[in-house]
Amino acid sequence: MTGRLVHSGQVLVDLVMQVPALPPPGGDVLATGTTMLPGGGFNVVAAAARAGAEVLYAGGHGAGPHGDLVRAALAAEGVTVTAPPDPGGDTGICVTLVDPSGERTFVTGSGVETALPAGLPATTADDVLYVSGYSLLVPDKAGALLAAAEEASATVLLDPGPLVTDVPDTLWERMLAATGVLSTNAREARLLTGEPTPARAAGALARQLRDDAAVVVRDGAAGCVVVRDGAVEDVPAPVVDAVDTNGAGDAHCGVLAAELLRGTAWSEAVARAGAAAALAVTRHGPATAPTRAELDAFLTGAAAG
């Protein structure tokens, strides 16, 4: 593995609350469990690092206690932080409500993680540059990222995120033109294309990208659809009992990036990413991607079964 995953942001803090149901308007519910953990982009970088990739975090991080929590967690995963803390504020918080089915609902209060404090480190053709749709909602950061993506020789991996329809059309079109791998969930793919199925949405998205780019549409327990070199492939996911779907897509993206950096063949890389996401949803918490050894053991067991 010669390249690195360069993550452009944002890592924030997840306040995760297990709830019996979402509260009605004006109502209240009592959480059955509460934890405060690093989340957002952390889920992707942790997944990639655990899969064996060298990872750089180039996003913002605050000078307060939330920033301290984030930096400690990144260091524990072996992720390199490329910029100093921002003295102008602290890292933001995402409140995550998880119901008994494993579904999750987010409310985000942004902080200095939305900045790109020192620009992006120089990249090479061996690197993968990860761009989140959340970053494209911040005008100054979006402009800097777009310029970097258009100039970079690295492969741009774009994950649109749930607010993708809020990204200005012109900006989105330019970012797609610079993208080498588009990884999105089925809901986002429908929003972007109006197509009713993951396969049709994946095909429509592929037509918006350059010819050598790939599209991955993640569809939860159903696996994912991949369009690459004009071919459409359904990649099933292992069957598991999900307890928390928070971070599953991030685990998929992080492991996919790590496998591409390793030079793994596309079919195997996507299968490993799907297995990592499946294993992640069997655990509570946002950053539950397996280590490479855990994933190998899981796949060995699945094959034997």
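All values below come from the heavy atoms of this structure, side chains included, with hydrogens, waters and symmetry mates left out. Residues take their numbers from the sequence shown, with the count starting at 1.
Using a distance-only test at 3.5 Å, with no hydrogens or angles considered, no donor-acceptor pair links the side chain of Thr179 to the main chain of Val156. Remark: side-chain polar atoms of Ser153 are paired, donor with acceptor, to backbone N or O of Ala125 under 3.5 angstrom. Under the 3.5 Å distance criterion, the side-chain polar atoms of Thr91 are left unmatched by any main-chain donor or acceptor of His61. When atom types are taken as modelled, the side chain of Asp90 and the backbone of Gly67 share a donor-acceptor pair closer than 3.5 angstrom. With hydrogens and angles disregarded, a donor-acceptor distance shorter than 3.5 Å links the side chain of Tyr57 to the backbone of Val11. Proximity of a side-chain donor or acceptor of Lys141 to a complementary backbone N or O of Gly59 within less than 3.5 Å is not detected. With Asp127 contributing its side chain and Gly3 its backbone, the two residues share no donor-acceptor pair below 3.5 Å.
Here the shortest heavy-atom pairing between Asp159 and Ser183 reads OD1-O, 3.1 Å.
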message: Does Leu15 form a side-chain contact (heavy atoms from CB on, under 4.5 Å) with Thr34? I'd like the steps, not just the answer.
response: CA-CA 7 Å; Leu15 175 59; Thr34 302; 3.6 Å; yes

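Between the OG atom of Ser135 and the CG atom of Asp140 there is a distance of 12.5 Å, given to the nearest 0.5 Å. Expressed to the nearest 0.5 Å, how far CG of Leu192 lies from CZ of Arg190 amounts to 11.0 Å.
Residues Pro238 and Phe298 meet the side-chain proximity criterion, which asks for heavy atoms closer than 4.5 Å. Residues Val181 and Leu260 have side chains in contact (heavy-atom distance under 4.5 Å, counting atoms from C-beta outward).
Val138 and Val131 fall into different hydrophobic clusters, where Ile, Leu, Val, Met, Phe, Trp and Tyr are joined by side-chain heavy atoms under 4.5 Å apart, directly or via other members.
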